Amino acid sequence: MIRVVLPAHLKNLARVGSEVQLDVAEPVTQRGVLDALESQYPMLRGTIRDQRTGKRRAFIRFYACEEDLSNEEPDSPLPDEVVVGKEPFLVVGAMAGG
């Protein structure tokens, strides 16, 4: 099971608690996690990535194992700690301004 932590506004939209658990086929990638997330919680489609292009939304970031994975290729394998459920895959709402 892959553990995914969402920002508060997406937790509210999906009506979930602190984290969700997803079955994701191997190899476990960002694309696979997001596909599973949007399949299980269809109300999240288009909130994390553009539905047409599949690209990450500008103010969304991805983290795992204390690393920013936001600019990694969507089909790059996620760290082993995420795959075995030891560490969560974090979807974070970025902040802008000064």
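None of these values were measured; they are calculated from a predicted model. Numbers here simply count residues along the sequence, with the first being 1.
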Can you name the residues that form a salt bridge (Lys or Arg N to Asp or Glu O under 4.0 Å) with Asp80, not counting sequence neighbours?
none

Side chain to side chain contact (heavy atoms under 4.5 Å, CB included), that's the test. Do Leu44 and Leu6 meet it? Break it down for me.
CA-CA 11 Å; Leu44 296 178; Leu6 298 170; 4.1 Å; yes

How many angstroms lie between CG in Leu10 and OG1 in Thr47, if you round to the nearest 0.5 Å?
4.5 Å

Between Tyr63 and Val5, is there shared hydrophobic-cluster membership here, with clusters defined by ILVMFWY side-chain heavy atoms closer than 4.5 Å?
yes

Val91 vs Phe62, test: side chain to side chain contact (heavy atoms under 4.5 Å, CB included). Steps then yes/no.
CA-CA 5 Å; Val91 178; Phe62 303 132; 4.2 Å; yes

Which atoms form the tightest heavy-atom contact between Val82 and Cys65, and what is the distance?
CG2-SG, 4.3 Å

Results of side chain to side chain donor-acceptor pair (under 3.5 Å) for Ser18 - residues two or more places apart only:
none

Point-to-point distance, once rounded to the nearest 0.5 Å, from CG of Leu34 to CZ of Phe89
5.5 Å

Taking the side chain as everything from C-beta on, heavy atoms only, tell me whether Leu90 gets closer than 4.5 Å to Arg61.
no

Would you kindly confirm whether Leu37 and Met1 end up in one hydrophobic cluster when ILVMFWY residues are joined by side chain heavy atoms under 4.5 Å apart?
no

What pair of heavy atoms forms the shortest contact from Val24 to Ala36, and how long is it?
CG2-CB, 4.0 Å

Would you please name every residue forming a side chain to side chain donor-acceptor pair (under 3.5 Å) with Ser39, sequence neighbours left out?
none

Are any side-chain N or O atoms of Gln30 and backbone N or O atoms of Leu69, one a donor and one an acceptor, separated by less than 3.5 Å?
yes

State which residues pass salt bridge (Lys or Arg N to Asp or Glu O under 4.0 Å) with Arg45; sequence neighbours excluded, sorted by chain then number.
none

Listing request: all salt bridge (Lys or Arg N to Asp or Glu O under 4.0 Å) pairs with a residue in residues 7-29, at least two apart in sequence or in separate chains.
Arg3-Glu19

Among residues at least two apart in sequence or on other chains, which ones pass salt bridge (Lys or Arg N to Asp or Glu O under 4.0 Å) with Glu38?
Arg49

When every non-hydrogen atom of Arg31 is compared with those of Asp75, the smallest separation belongs to NE-OD1, 2.7 Å

Same apolar cluster (I L V M F W Y, side chains within < 4.5 Å links), Leu13/Val16:
yes

Would Arg57 and Ile48 count as a side chain to side chain contact (heavy atoms under 4.5 Å, CB included) if you check the C-alpha gap in whole Å, the side-chain angles of each, and the deciding distance to 0.1 Å?
CA-CA 6 Å; Arg57 297 260 177 218; Ile48 297 171; 5.7 Å; no

Determine the minimum heavy-atom distance between Leu22 and Val4, stating which atoms define it.
CD1-CG2, 3.7 Å

Using modelled atom types only, decide if a donor and an acceptor are shared between the side chain of Thr29 and the backbone of Ser76 within a distance under 3.5 Å.
no

Val92 reachable from Ile2 in the ILVMFWY side-chain graph, under 4.5 Å edges:
no

